[in-house]
Structures are given as structure tokens and as C-alpha cells.
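This report refers to the structure that appears directly beneath it.
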Amino acid sequence: MSLLTKYRTGLKDEIGIFFPMLILRVLENVLQPSFVQKMTVLNLLEKIAADSQIIIDIFVNYDCDVDSPNIFERIVNGLLKTALGPPPASTTTLSAVQDITFRHESVNCLVSIIKSMGAWMDQKLTIGDSDLRKSFKSDTAAEGHSTLTAEDGTVSDCELQPEMNSELSNAATLEQRRAYKIELQKGVSLFNRKPSKGIEFLINTKKVGNSPEEVAAFLKSNTTGLNEAMIGDYLGEREDFALKVMHAYVDSFDFKSMDFGEAIRFFLQGFRLPGEAQKIDRIMEKFAERYCKCNPNSFTSADTAYVLAYSVIMLNTDAHNSMVKDKMNKSDFIRNNRGIDDGKDLPEEYLGALYDQIVNNEIKMNADSSVPQSMQANSLNKLLGLDGILNLVTWKQTEEKALGANGLLIRQIQEQFKAKSGKSESVYHSVSDVAILRFMVEVCWGPMLAAFSVTLDQSDDRIATTQCLQGFRHAVHVTAVMGMQTQRDAFVTSTAKFTFLHCAADMKQKNVDAVKAIISIAIEDGNHLQESWEHILTCLSRIEHLQLLGEGSSTETSILSVPNTEIDEKVPKPSGIQSLKKKGSLQNPAVMAVVRGGSYDSAAVGANSSGLVTPEQINQFIANLNLLEQIGSSELNHVFVHSQRLNSEAIVAFVKALCKVSIAELQSPTDPRVFSLTKLVEIADEIALALSISLLYVPMENAYSRILCCRHYNMNRIRLVWFRIWNVLSDFFVSVGLSENLSVAIFVMDSLRQLAMKFLEREELANYNFQNEFLRPFVIVMQKSNSIEIRELIVRYVSQMVLSRVSNVKSGWKSVFMVFTAAAVDERKNIVLLAFGTMEKIVREYFPHISETDASTFSDCVRCLIKFTNSKFDSDISLNAIGFLRFCAIKLAEGGLVCADNSPDDGSSVSAVTKNDRDLQSFADSDDHASYWVPLLAGLSELTSDSKLAIRKSSTEVLFNVLKGHGHLFSRAFWIGVFSSVVLPLFSGASPVKQDSPTAKSPRPDGSTWDPEISAAAAQSLVDLVIRFFNVLRPQLPNVVSILAGYLKSTKQGPASTGVSATYRLTGELGSRFSKDEWQEILLAIKEAATSTLPGFMKILRSMDDIKVPENSRSSTNTETSSDHGLTKDDLEEDNLQTSAYVVSKMKSFIAVQLLIMQVITDIYKANLQFLVASNINIIVEIFSSITSHAQQLNSETVLQKKIKKVCSILETSEPPMVHFENEAYQNYLNFLQDLIKNNSSAPKEMNLRSLVAVCEKILLIYLSCTDYNYARQQKPVEIPVTHWILPLGIAKKEKMAARTPLLVSALKALNCLEKDSCRKYIADIFHLLVDLVRSDHSSNEVQHALSNIFQACIGPIIMP
């Protein structure tokens, strides 16, 4: 011990030789050791293990040195072998008492080693409080952490040699050296099994050079434990590379001036010849060559040396192999070697001397020395002058004999030391980096775990089990602090398993001690346990479970009962036996499950086990419960109280583990419990209290400001940690809140409510989000829970919290509204009503608390109210929710949340407004006040497409009322955004143009239909907005006109009427403010509406071409008087009948819409004549012209008219008013032109006169086509006279003439009103038509009277001037 303590720095190499020989050889002898020797060695190792620095130095200087043995590793493995004892079925000289003594002592040594490692670590890291250090010092009162001194009081090695040759090495360098050594040993091990593979591995890992010479040098030096037999086997291989290595190996020897026998003995010292003859042949052949090369005059040729070498090998085997009975004599040896020297004989004296040398001294390798180990040790002792060392192992030789082999061994050792002396002195390393412990633990943790576990499992000796548990504690301490997760978890798990809490019926005192060890580990190393907390908390949970059973309490009632720790500690508990028997709990399923036991990893002990429980097992279980009384509630609570001292990382890991254990408790199929859940709530409560204190403002105005500042920063740290903890707790509360066990879910939701109420007692500072995070579990459970009771409970809890702490709620509003949003679409009416009632109270009474928080809170409130509009239970809720949205707008306006700018409201600088035309949301992002209005308006806009008519109607009304009532608060840019993002999308699908099928409707963008009443109201409201805020919305006029044109383009009369009315109102109110370009845009839109529908309509009419309508069955020679009353629906196919009906309907709609457009353009013209310029008038003329052309084209389809007439007769419906359409179109056109000529001086009169005459000409042609059957429309006068037969007119002709008579009279009157010059200019174009009219038979005298007037007033003066 003194050698290691004082001189280890100077005797590094010597100790590396003596320690394995004197100490490890005895330690590793398990089967037949000397009791005294091994006890001496174990006592020595125990003293060495007590010195932490020696343990560290041994590992650093030997196990991390490539050229040194792994002393530390061999010590640990040797102690493990001793602790496990002799293998089963093996023969040993030890008695049972001696074996047990060895086992206990070896375990004690292992405990001392891991304890010293921990002490050295603590010293370097200066970790742990005074209690922790005391707990480690109290394990062995006579031992300390400092380096041991010699018994005679001499000073330590460091003091004795202050200038020792040492090197302070860092852990990184040692790690590289250690890794190099491990990899080298791996290659050596592989070589000793498969030499070729081993050499390949060593070359690939660059442990050996890739040249044959370098490999040969590595094999020859053999300082790494290569097997000599495998070396010989590899040298005898015939592969190219192995053969080159063998040649290089042999060539490295110098046999000059060396006797042949001495040379071959020297050659074979480094390896053992292989057993295969061919391999021996190759080696001996190369040896002979090398020997002859070194001694050219020794033999005639190398063949002589080759044969003689083979003979020597055979002689060595024959002489020294006990299996050979007939030994070879000298004469036989000489005779066998005759003629080998190129046909000549070698001298007999030479061969005889060689024979005597081999027979008297066997050729052996260094490792094959047959000298007893005791003799070897004694020789080494004499060689080095260290006789006193042998007193340690009582190997004093009684007699000393100078044996030849012993002398050779001494010679070899002398050569080894001589070789070392020629090299540089070995550096003794000293480290202070605790990272070196990681490599030490990697070496020793497996043996220690096995030794402690086996001993603790097999032994009931209190001292032995206590030592093992101490070993577990120290091992956990080292591995935990060093962050070695796998090793730490292995030790903690093993300790937890040895508590036997999972099979309490088999518990013993050592298992109770294991429970105490678990508690100590939790308290002492809690900051470093991380995931291992789960095993410790599982044990605590099971202890509490057993104590609960021992008290006879029903686990079923524990769900909703929280234990009172203070009362439990003051009131003495009844014993387990009395409690169980008195309360009759022996038949409790939970008790039976625990008695049956289960595996450690099972979530519920005994839950899946089956089988009967015997009375003996019950009695044993009760007795074991009495053992557990050694552990009171105070010990369990101490772990949780101590959690306040855990650092940031540790408390998060602690809470995670506690959540896992709590879930396992609550999900137990036999006895769900709330022990861990209660502890979670307590811990969360304490941290929440600390967090709420940290949110307070602490003034720093006195001498204590620095102290308060430190406290402030500490509380900030707690707050950050609390956020991390709550992320874990939040997931836990959600998981348990969704439990199928209703009692468990109710309990956890109530616990969460209590925490929330305590936290909401303090007001949250601005820009914090913790309230929202805290209440989020309520939201998630509300959204995902299938339990009606839980959802209703959450709504009640949240309502209670927010109403009682409304002044302190800040970021929590978001979660509150999300809960109510989920409740709004709940399947239970009472939940919807309950949530809406709270929302009503919040909006009515506490609106300022919502708006003063931030815009996102108000957005959440709006979204919540919108969800209530979707209620399927009560329409009043839906409508009231929309009403509250209007109330919110009023409150926003009252609260000064306006988006007004300072730009003048004069309508100037239109371009300045248009450049601010941007998305509404982007504007809201840049304007805080706008961000309040955006969700409100967007939400109302969304509701306008709701599936329910009442919601659509109410939301549309409220939206436009809000815009009209509070639009004056909006800035120009915001108005543009509102109009683009809110208003215009309402009309994106209100009145589509395309109507291609009989079942086509007016779809909204989301597929719903917009009721005509709502559509009409929306259009009028849109116009109201534009009229009221025209200066701001003027840039949006094109979009508004486009929307109104969309109404006009509708082929349905209802939307078209809406468009007509809205357009007329828009132009009537704003006509005086429109520019000529704006008028141009409006009139062009109307023109497009009048013309764009014609192609589609004509396509529909063409569908009648393929339909054949049957003739009337009643024949008549006069087609004019034929009737269709004989036709029925059976006369047409079903498909043709539907198509015909569709065409008739579309004709009626088309005519009605065209007439409406003509009416609105007429009214606009009359009301705004003074504001229209010539270009505008031209567009109006084009509109009238287009419509009259449509009417004339429609009436020219005579075949189609007949089909339509018959179809209407079959369908029993009225015919489309095609004649009326044509009459009205021409009449309005005629009136417009007359008024234009008369009242509008800006329009070119000559062009208008020409248009008027052309219209009158068309009217005359239309009328004349009714008077004569063969009269073609637009017939030109012919030069050749034609004879006309005047026949009586039929009934149909008379009806047509009567229908067109008023139009004809108007046209004649218009011509009669022409001025004299105009009449003279244009009368010639229509004179022939007037003549035809005179010749025609008329149904009314008005025509004749009008003709008479025109002839008298216009034609007469021209003919007779």
C-alpha cells in the first residue's frame, strides 16, 4: 500500500508488472485460492479503493495506456468473479463460510470503489450540499475522502517528490488513448480467433502499418497479448500477404555467429509452430535460408540447414513429449542426419552436442516456462530486491534453488527492463477533469450492477444487503451527475425492482431497505435523475397503495377523496392486520390482486393475474404490510416537499414522470387512485403561487434593492420554468380529462379549476400569454370529450371563473371564447343555452374588458358569436347572436375605436385613394383600431351566405346598418379594404348571367341560394352606401356598376327589377355628380346587359327547331282560322314537352327583362338629360336600337311562333308577349327620338331625323306585313306593275293589325310632325309605303285619319305647292 501511496509516480512500469503478478493473479483465482492470500489481497484492495485519487490514477495510467495492462478493469472483473463465487458444478477448495466471506468482502470493495469515484467527483465539481456530503461520509465512519498516508506517518508521494515526472492530461486526450487501446484490444482478440481477419482489422483501423515489415514487427514485439499459437499459424499461411509477412518476420532476426541450436531456440521463442506440416515446412525453409545468409560458412547449402532444423524439431518433440515411449538416442539422431550436407555427413561431434543441448533443455516459448508461479515470483523478488512485498501474500520460499528455467525467466525479465530503460521514461498522468469518470463507469458499471444485484437477490444478510444498497446509491449518484442515462436508469431500475412493491406478499426486510434507498436517491440526486424519476415515483405510488390497503380504505372511494397529510401524520394509524380484518377487506379485489402480485413493469399490479389466493399468502401479505410501517407518510411527502429544491431541468423531468405515474394510477382497471394527481396539483399550486408573486412589481428604492433585484431575477427563472412545467401538465390534464372514467375526469377538471382560480386571483401583465396557456386544457377537452357531463362541467367552470375574476382576465379570454365556441355547436341544448347565457352577460356587461385587451381577443369573441348563429336548437339564439354583433359595433364606436384619417371628405384626388386599395387584413395588421372592425365585418359578411334564410337576412341587414351607421368613422383606405373584402364578395354570385338548364338557380359562392328579397335589399343597401359615402367610395363605382349590371343581365324578372330600381336610384341621386366618363361607364354597362343575353337566348330558341309539334287533327282549309284546341299533352313526348315549357318560360323572362332595361334607360334619360353629353346620347340610341332589333328578330320567326302557340295551347299557358314586346320597343324608341329632336340641342339633329324616319319606315313595314299575306318585310318598290287581288282579311290578320295599329298611328303622327323641309327630304323614301297603306283594309279608323292628315299636311304641299 505504501508503494502505491508514495512511489506510484516513479514506479509506473514496475507497478504495471508487479500488480497483475502479485495481486490480480490471486484475485482472479476463484476455484482454489488460498484463503489467507485472498483475504490479504481483498483487504489491500479495500484500502486502495478507499483512496479516490489512487483509483483514478490507476485507471488513467494503466487502463488508458496502450503499453500497460488494464489493472482497473481486471480489479473490477476479479471482484465480480469473487462476488459471484465459484461457478455451479465446479470443484473448489473453499468452505461455505469462506466463500460467503469472499463474496461480502468483494462487494464491499466494489462499494468502496464507486464511493471513492463519487467522492472524487464531488470534490472536483464541488457539488452537493452539506447533508449530501454527510450522508456519504456516514456510510463508513473510519474512511475519508483524502489520500491515505502511511502508518508510520510519512508524507505522501506528492509531497515526497514535488518535481515528479507527471503530466496533467485532459479527458479528451485520455479518451483518445482509451479508445485507441480498446480498438487495439478488439483487433488482438479478433486475431486470436482468426489471425487473417485480425490483421485486416488492425490495418484498416491504422493500428498497424499496411506493409509486411510493419506487420512482422508488430507480431515479433507481441506486447498486446497476441496468442503465440495464432502467430505461428498466421506465419505458416500461404496467402501472398501472409507469406511476405513471414519472410519479413524471419529476416528481422540476426543469427550471425550463433550456434544452430541456439539460433533455432531463439527463433521459436516468439511463436508456437503450427501443427500442419506444410506450414512448418514453409517456416523452416525460410529459417534455413536466413541462417545460412547470416552464417555463410556453416553449411554447404540451405538445404542442409532446412533438414537439420526439421530434425531438431522432431528431436525436441520426441525427447520431451510424455506420450512417446521409445525415445530417440544419440546414435539414432546421428544416423537420421547422415548425408544431409550435400551428400556428406555432418561431424558426429557437432550432431552429438546438438542432441545433448536439445534433450537437456527443451525448446520453449517464453510463455511456456514450466517454472511454478511461486518460484517465478520469488526470482523476480530477488531480482528487484523487493523481498518485503511477498509478506503481503505470505509467499516466502523456504528454500531457494537455482533452477535453469528460473534463471532463464530472470534473464528474460532483466532483458525486458533493459529494453524499457532504452526507451523514453513513461509519463505518469494526473487528471482533474471529472469527465474521466465516464470511461471508468463504462468499464465498471456492468460488473458492479451484476455483483450488487446477485448479492442482494441471493443474500438475506442485513450487512451484505445494506452494502449492496449503498453501492446502488453511490452508483446512481455517479452516473446521474455524469449524465450517463443508460447506466443511471439501470441502477435505479434494479433498485426499484428490489423493493418488491410489485409483489408485496414476497417482501422482506431487505426490500424495505431498498424502498428507503429509493427515497434517499430521490432526495440526494433528484437534480440529475431525469427519466429515472418515473421508477422512483412508481415506487412511491405503490407504497401509498399498500398503505391504503393496510388501512382498510376502499380504493374506489379514493378517486374523489384527497388525503390530508397533516391529519394523517398526527393521528396514529391502525396496524395492517387489525385494519384489514376489522373492515373485512380480505376479499377486496384490489387486495387480492396485490397478493397475487405481478411483474415490475405491469401498470396495475396483479390486474391480469389469475388464480386463487391462499390464506398463507394473505397472512404473509399482512405481515409485510407491517414491515412497510417503517416508512411513514412523512418520508413519502419529503420527496415531494424536496421537489421545491430541484433545479429547472429536474423539476420539469420530475413533473413529467409524475404525470406518467398519475395516468397509470388513474387508468388502473381494478383500483384507480389520485395519489400522484394530488401531488401534481400541490406542486402546481406552489409554483403558481410563486409565479403570481413574481408578476408583482417590486420597487427598489432602499438599501435592499440589490437583494430584491436578485429575488426578481430568480422569480423570472421560476416563471420560465413554470411555462415548461405547464406544457407537461397541460398535456396531462387533457389526457386525463378525456378519460372514460367519469369520476376521474371530473376530479381532474375540478383540480384544474382550482388551479385556474388561484392563478386568476392575480392580474396578468400586458403582453403575457400564460392565462391562455393555463386554460387551454379546458378548450381541448371541451372539443374532444365525448362525455356530456364533462362538457357541461367545463362550461360551468369557465363561466364561474370568468364572471368571478373578470377584471383579472387578460390573455385568458382567448381560451374562454374557444370553450364557448365549442359549446355553441354542441349536440346538447342545455350546454348551448348555458354558454350563450354567459356570452350574453360578458358582451352586455363586460365588453370593455374584451376590447381593452387586444384585437385578437375581440376577434375570438366575434368568432364565438358567429358560431352561435349556427345553433340548430333555437333560432332566437342565432338571431340574438347577430344582434350582439351589432351591439359590439356600437360599443366599438362608443369606445373611440375609429379608423379615421385627416384627409378632407371632398371627393378630390381619386388617384390618391385608389393607390391605397389594399387587402383589408393587411390594413388591419398596420392599424390597431382597424383590427377590431375587420373580424366583425368579415364575420357578418360570412353569415350572409349561411344556409338559413333568417340568418342570411338578418346578417345582411346588420352588416349594411353597421356600415351605414359607422362608416363615417372609417378612413379612405379602410373603406376601400372593407368594400373589396367584405361588400363586393357578397355579390360575387348573386346574379349569374349563365342560365343553361331548366333547373339552374342563382348560386352563392358556397353553393347556397340568395333569396330574392335579401338580394333586393342588399342591392338597395349597396346603393345607399355609395350615395352616402360617395366621396370615399367613388373609386369603387365601376365595381358597383358591374354588380348592378349583373342584376340586369339576369334572365329572371325579379333580379332584373332589382337592378333597374337600384340603377335608377343610383343615377337619380348621383347623376349630377357623375363625370362624363362615369356616365359613359354606366350606360355601357346597361348596353352590355341588353345585348349580352341575346346569344344565349337565341341558343335556347334554336332548341325548338328539332321539336316537331303535331298538326291539329281537325282539318281546315283556312289556316288562318285553324285552331289548336284539339292538341293535348299526350301529343308531345315528355322530353320535348319539358324543353318547350322551358323555352316558353325563357321567352317570357327575356321579354320582361328587355322591357325593364328599356324602361330604366328611358327614365334615366328623362331624369338626367341635362347631364348627358353627345357620346352618352349615342350609347342610349344604340341601346334602343339593339332592343328593337331583338324584338323584330323575335317576331320574324313565324315558324317558331306557330310552334310556341301550339305548345302554349298544350301546356294551357299564356303565349309570350312577342307582339307586345315589339310594339313597346318601337314605341319607346320612337318617343325617345321625338324627344331627342325636340329637347336636346346638343345632339346632331340631322342624324336624329334620319333615325326617326328609319324607325317609322320599319313600323310601316311591320304593319303592312300583317295586311297582305304575301307582303314581305322591307319590300322595295318595283318598276313593273303588279296586279293585286284584294281579298277579305282573315281573323288572325285582323288581330295582328289591331295589335299594331297604335304603333302605326304613332309613327304616322311622328312623320306628320316633321318640318316642311324635313318632310320634303325624307318623304320619298316612305311614299310607296304610304300608298300601300291607303290601299290596305284597316281595322281601325285611326289609321285612315292619320293617313289623311299626313297626306294633307306633308304630301299635299309638296305635290301642289
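This chain uses plain numbering: 1 for the first residue, then up along the sequence.
- In this structure, K891 is not positioned above the aromatic face of F847 in the sense of NZ or CZ being under 6.0 Å from the six-membered ring centre and within 45° of the axis.
- Ring to ring, W726 and F732 are not that close: their centroids are 6.0 angstrom or more apart.
- Residues L940 and F960 are not in side-chain contact: their nearest non-hydrogen atoms beyond the backbone lie 4.5 Å or more apart.
- In this structure, D946 does not pair ionically with R952, as no charged nitrogen and carboxylate oxygen lie closer than 4.0 Å.
- A donor-acceptor pair is defined here as one N or O able to donate and one able to accept, closer than 3.5 Å; no such pair exists between the side chain of S643 and the backbone of V639.
- Judged by distance alone, the side chain of S945 and the main-chain N or O of E942 form a donor-acceptor pair under 3.5 Å.
- Judged by distance alone, with hydrogens and angles left aside, the side-chain atoms of S878 form a donor-acceptor pair with the main-chain N or O of T869 at under 3.5 Å.
- Between E957 and K953 no salt bridge is recorded (no basic side-chain N to carboxylate O distance below 4.0 Å).
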Run W533 and L658 through side-chain contact (heavy atoms from CB on, under 4.5 Å) and show every step you take.
CA-CA 8 Å; W533 269 115; L658 193 57; over 6 Å; no

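- Between K814 and R776 the shortest side-chain heavy-atom distance does not fall below 4.5 Å.
- The shortest distance between side-chain heavy atoms of E792 and E789 does not fall below 4.5 Å.
- A salt bridge does not link K656 to E531: none of the charged side-chain nitrogens sits closer than 4.0 Å to a carboxylate oxygen.
- Inter-residue side-chain proximity for T821 and F868 is flagged as unmet; no heavy-atom pair is nearer than 4.5 Å.
- Proximity of the aromatic rings of F884 and F836 is defined here by a centroid distance below 6.0 angstrom, and this criterion is met.
- Using modelled atom types, one side-chain atom of N647 and one backbone atom of A650 make a donor-acceptor pair closer than 3.5 Å.
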Could you walk me through whether W813 and F858 satisfy the ring-ring contact (aromatic ring centres under 6.0 Å, His included) test, starting with their C-alpha distance in whole Å, then the side-chain angles of each, then the deciding distance to 0.1 Å, before giving a yes or no?
CA-CA 9 Å; W813 282 116; F858 181 72; over 10 Å; no

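- Residues W933 and L969 come closest through the heavy atom pair CZ2-CD1, 4.4 Å.
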Quick one: do F774 and L752 satisfy side-chain contact (heavy atoms from CB on, under 4.5 Å)? Show the steps, please.
CA-CA 9 Å; F774 202 97; L752 182 59; 4.3 Å; yes

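- Between the S735 side chain and the D731 main chain, no donor and acceptor come within less than 3.5 Å of each other.
- A salt bridge between K660 and E665 is absent, with no side-chain N of the basic residue lying under 4.0 Å from a carboxylate O of the acidic one.
- In this structure, I788 and I831 approach most closely via the heavy-atom pair O-CD1, 4.0 Å.
- More than 12 heavy atoms of other residues, nucleotides or ligands lie within 6.0 Å of NZ in K948, so this atom counts as buried by the packing criterion.
- Using a distance-only test at 3.5 Å, with no hydrogens or angles considered, no donor-acceptor pair links the side chain of S785 to the main chain of M782.
- Contact record, R488 with S532: NE-OG, 3.0 Å, taken as the closest heavy-atom pair.
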